[in-house]
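Per chain, numbering begins at 1; letters A, B, ... match sequence-line order. Since the structure is predicted, the reported quantities are computational estimates derived from the model, not experimental observations.
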There are 2 protein chains.
Amino acid sequence: MKQITKYVIKNSLKRIFLYRACLARLKMMGVEKVFSYTLANDTGVTPDQVRKDFSEFGIRGNKRGGYEISDLLEKMENIFHRNKDHNIVLIGMGNLGLALSKYSKFVQRNMNIVATFDIDPFKQKIRSDIPVYSMSRLKEIIDRFRIKVAILAVPEISAQQVSDELVRAGIKGIVNFAPVLLKVPPEVVINNVNLCDELESVIYYVHKLMQDEGLKNLEILYKDMKY
Amino acid sequence: MKQITKYVIKNSLKRIFLYRACLARLKMMGVEKVFSYTLANDTGVTPDQVRKDFSEFGIRGNKRGGYEISDLLEKMENIFHRNKDHNIVLIGMGNLGLALSKYSKFVQRNMNIVATFDIDPFKQKIRSDIPVYSMSRLKEIIDRFRIKVAILAVPEISAQQVSDELVRAGIKGIVNFAPVLLKVPPEVVINNVNLCDELESVIYYVHKLMQDEGLKNLEILYKDMKY
DNA sequence: TATTTGATGTGAAACAAATCACAAAATATG
DNA sequence: CATATTTTGTGATTTGTTTCACATCAAATA
């Protein structure tokens, strides 16, 4: 019944995030229009890629006229369902969980952590701005707020068990910070964020870079980021 | 002089991390040997992929006999330079920085945050187990410990400026948590971790999944994680 | 209004990654 | 000791992604 299902965030989607961040900044600076090569320059991709990506997501500009930034941003908001608010739960109020619960960028992007959970809810209650519930109330709260997405920041050892509970409670997507490969039914989306791996990758590449200094053989060691 | 340089962690490298985590667990359980299909099963990839990846990293097993787990892990430790300790600095002791400074998994993998920095070092000093220095001492400490890798957890607004300081101080790799595209010389490796994007991606896919429920057209919406 | 110019949008081509298929090798078996 | 079996390792094939090249369109210009 349970199986490992894994999805990768497509590179084109990551690039769209990149474009959006860039566009938001440009808009703040008062810029109104961009061309594919403007965006490309700012984000380190090629103009072709920008246009292909837009094409994939059904975004169209005006021939010769480039793209209207507000229009572009609006289209992206629709793609990402940013018109509506998204309610999230966070499980595990350790150091990382606490930091994530206070991460203001989520709110800025309409993603609200409406409840957090911990086996010891009293421990962190005092430091948290968001209600901390005991695990026994998981399903109740998830049902009440019709939550579909959870952030999992519990210790490795209990990650699978909590994940099972989340799935039973109707969660359809999990951002998993525990370094475990969760087993979930295929209709549940998992996005693993492994902080150790992120750091270790950099160490690995830095070592390589210093070994074969002079940038020779670079193309074997690195893949230029196409996202 | 400054330019956007971006690297992606290659999928094959990510998979190697995955294999390693799995192998470590198996070893703890007392298992001594694996076959490509064992590992494949546990990690959700194909046996061919496992062997191709091993081949890429120069790891060889015994025909028919599979792979010796200890041997495999040792080879991987060499690949990732895990025999030696890695000293890291962390810049920005806000909520996230503080949580990262206390993240015990780094230490378990021989990655030690030896110093942290903040514009207001006194604010967090009391809550931190690791020394918190003022930004003015950045180069001094980095030089003294011969640090090559930094974790950047400062606010968006100051990320580029701090990144410049890091590069001037001799840092060669940065794990960047600020949602900014850092401009660094090409010999510096950047790994961006954007928490909002990670969460938003999941929301995006969950929406898609619920829209076209029944898993039809799944192959367009998702790419099975090949990592 | 006709012509030139400049940027988009997208098939085609080139490149990269994953899967397949099978030879090679090591072990087990009769 | 020869044969069968099982698993690795890797070219060949397929699949997916990026880059190229150019037709298409909109605006500017004469």
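- Ring planes of H207(A) and H86(B): perpendicular class, angle over 60° (limits at 30 and 60°).
- Separating the CZ atom of F54(A) from the C1' atom of dT17(D) is a distance of 18 Å, rounded to the nearest angstrom.
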Are any protein N/O atoms closer than 3.5 Å to N/O atoms in nucleotides 26-29 of chain C? If there are, list each pair with its distance.
unit_1, atom_1, unit_2, atom_2, d
dA26(C), O4', K63(B), O, 3.4
dT27(C), O2, R64(B), NH1, 2.7

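- Every residue meeting the side-chain hydrogen bond (donor to acceptor under 3.5 Å, both in side chains) condition with R109(B), not counting sequence neighbours, appears here in chain and number order: D197(A), E200(A).
- Atoms CG (L13(B)) and P (dA18(C)) sit 13 Å apart, rounded to a whole Å.
- Between F35(B) atom CZ and dT8(D) atom P there is a gap of 7 Å when expressed in whole angstrom units.
- Summarising the geometry, the separation between CZ on F57(A) and P on dT10(C) is reported as 15 Å, rounded to the nearest angstrom.
- In this model, the phosphate group of dT10(C) is approached by a side-chain N or O of S55(A) to a distance below 4.0 Å at OP1 or OP2.
- Between the CD atom of Q49(B) and the P atom of dA16(C) there is a distance of 17 Å, given to the nearest Å.
- Ring pair Y67(A)/F54(A) is perpendicular by interplanar angle, where above 60° counts as perpendicular and below 30° as parallel.
- Of the candidates dA18(C), dC20(C), dG9(C), dA18(C) carries the atom nearest the N11(B) side chain, counting heavy atoms from C-beta on.
- Regarding contacts with the backbone of dT7(D), every side-chain N or O of S36(B) stays at 4.0 angstrom or more from both OP1 and OP2.
- Remark: K52(A) engages no residue in a salt bridge (Lys or Arg N to Asp or Glu O under 4.0 Å) (not counting sequence neighbours).
- Classification of the F106(A)-Y103(A) ring pair by plane angle, with boundaries at 30° and 60°, yields perpendicular.
- With D164(B) as the partner, the side-chain hydrogen bond (donor to acceptor under 3.5 Å, both in side chains) test is satisfied by one option alone out of R168(B), Q161(B), Q160(B): Q160(B).
- By the salt bridge (Lys or Arg N to Asp or Glu O under 4.0 Å) test, D85(B) pairs with no residue at all, sequence neighbours left out.
- Distance D53(A) CG to dG9(C) P: 12 Å, rounded to the nearest Å.
- Using a 4.0 Å heavy-atom distance criterion, Y37(A) is classed as a sugar-phosphate-only contact.
- Taking atom CD on E56(B) and atom C1' on dG11(D), their separation rounds to 16 Å, with Å as the unit.
- Among the heavy atoms of the strands lying under 4.0 Å from Y67(A) are primed sugar atoms or P, OP1, OP2 only; no base atom is included.
- Between the side chain of K52(A) and the base of dT19(D) there is at least one donor-acceptor pair of N/O atoms closer than 3.5 Å.
- Position along DNA chain C of the nearest nucleotide to T46(B) versus V34(A) favours V34(A) as the more 5'-ward residue.
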Between protein and nucleic acid, restricted to nucleotides 13-15 of chain C and to nitrogen or oxygen atoms under 3.5 Å apart, what atom pairs and distances do you find?
none

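- If you take CG of L72(B) and P of dT8(D), they are 11 Å apart, rounded to a whole angstrom.
- Using a 4.0 Å cut-off, no side-chain N or O of R60(A) falls inside it from OP1 or OP2 of dA26(D).
- Counting heavy-atom neighbours within 6.0 Å of E77(A) CD, excluding the residue itself, gives a total above 12.
- In terms of the salt bridge (Lys or Arg N to Asp or Glu O under 4.0 Å) criterion, residue partners of K75(B) (sequence neighbours excluded) are, by chain and number, D71(B).
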Yes or no on salt bridge (Lys or Arg N to Asp or Glu O under 4.0 Å) for E156(A) and R25(B), after CA distance, side-chain angles and deciding distance? CA-CA 12 Å; E156(A) 196 169 355; R25(B) 210 183 54 242; over 6 Å; no
